[in-house]
Student: 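Structure incoming, see below.
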Amino acid sequence: MKILDEFKAFAMRGNVIDMAVGVIIGGAFGKIVSSIVADVIMPPIGLLVGGVNFTELKCVLAEEVKDEAGEVVKQAVTLNYGNFLQVTFDFLIVAIAVFLFVKLINKMNKKKEEAPAAPPAPSKEEVLLTEIRDLLKEKK
């Protein structure tokens, strides 16, 4: 039972829960960005380069083999570089989005730090010494 209690204490610690939430949100964010890249950004780019769908770009290393009935006996061996390009674009856009998000968060935190703190109120001793100093100045 002690191991179970230790695990429970570990799992319920704040930073572990924060990390889990971050991983879940990051996964969902990745899906959104992948959709934006695949469905919004890449079609116009493909159109600009001649109507090419990047995920279909490949280099055939060995043709598929069919029997006399026309059924595939051996699948074609292909180098799917278009899919690699698609995933690379996904990564770059996710990296840029995360960079901009972190930059925004840092800018917001910097503004909070720059806000001048109110000077602390003088202690009773300082107030008393100030009064004594002012009284001595008046006597002169």
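Positions are given from 1 along the sequence. Nothing here was measured: the structure is a model prediction, and the numbers come from that model.
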Student: Tell me the salt bridge (charged side-chain N to carboxylate O under 4.0 Å, His left out) pairs involving residues 59-69, sequence neighbours left out?
Tutor: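 The answer is E64-K66.
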
Student: Please answer: with hydrophobic residues joined when any side-chain heavy atoms are less than 4.5 Å apart, are L128 and L136 in the same cluster?
Tutor: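 As far as the 4.5 Å side-chain criterion goes, L136 and L128 are connected within one cluster.
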
Student: To the nearest 0.5 Å, what is the distance between CD1 (I32) and CD1 (I25)?
Tutor: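 Going from the CD1 atom of I32 to the CD1 atom of I25 covers 9.0 Å.
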
Student: Taking the side chain as every heavy atom from C-beta outward, state whether L135 and K139 have any atom pair closer than 4.5 Å.
Tutor: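 Side chain of L135 against side chain of K139, heavy atoms only: no contact under 4.5 Å found.
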
Student: What I'd like to find out is whether the side chain of V65 reaches to under 4.5 Å of the side chain of V72, using heavy atoms alone.
Tutor: no

Student: Enumerate the salt bridge (charged side-chain N to carboxylate O under 4.0 Å, His left out) contacts for residues 120-134, please, sequence neighbours excluded, ordered by first and then second residue.
Tutor: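 Salt bridge (charged side-chain N to carboxylate O under 4.0 Å, His left out) check on residues 120-134 returns no pairs.
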
Student: Going by the rule side-chain hydrogen bond (donor to acceptor under 3.5 Å, both in side chains), which residues pair with T88 if we only count those two or more places apart in sequence or in a different chain?
Tutor: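 Applying side-chain hydrogen bond (donor to acceptor under 3.5 Å, both in side chains) to T88 gives none.
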
Student: With side-chain contact (heavy atoms from CB on, under 4.5 Å) as the test, pick out the partner of C59 among L79, V77, T78.
Tutor: L79

Student: Side-chain heavy atoms under 4.5 angstrom apart, residues restricted to Ile, Leu, Val, Met, Phe, Trp, Tyr: same cluster for V87 and I36?
Tutor: no

Student: Test question: given the 4.5 Å side-chain rule for I, L, V, M, F, W and Y, name all other residues clustered with L100, or answer none.
Tutor: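 Members other than L100 - counting any ILVMFWY side chain reachable under 4.5 Å - are I96, F99.
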
Student: CG of L48: more than 12 outside heavy atoms within 6.0 angstrom?
Tutor: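 Enclosed: over 12 neighbouring heavy atoms sit under 6.0 Å from CG of L48.
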
Student: Not counting sequence neighbours, which residues clear side chain to side chain contact (heavy atoms under 4.5 Å, CB included) with F29? List them please.
Tutor: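 Side chain to side chain contact (heavy atoms under 4.5 Å, CB included) check on F29 returns V33, A97, V98.
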
Student: For N83, what residues pass the side-chain hydrogen bond (donor to acceptor under 3.5 Å, both in side chains) criterion, not counting sequence neighbours?
Tutor: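 side-chain hydrogen bond (donor to acceptor under 3.5 Å, both in side chains) list for N83, sorted by chain: empty.
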
Student: Taking atom CG of L57 and atom CZ of F84, what is their separation to the nearest 0.5 Å?
Tutor: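 So the CG of L57 and the CZ of F84 are separated by 13.0 Å.
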
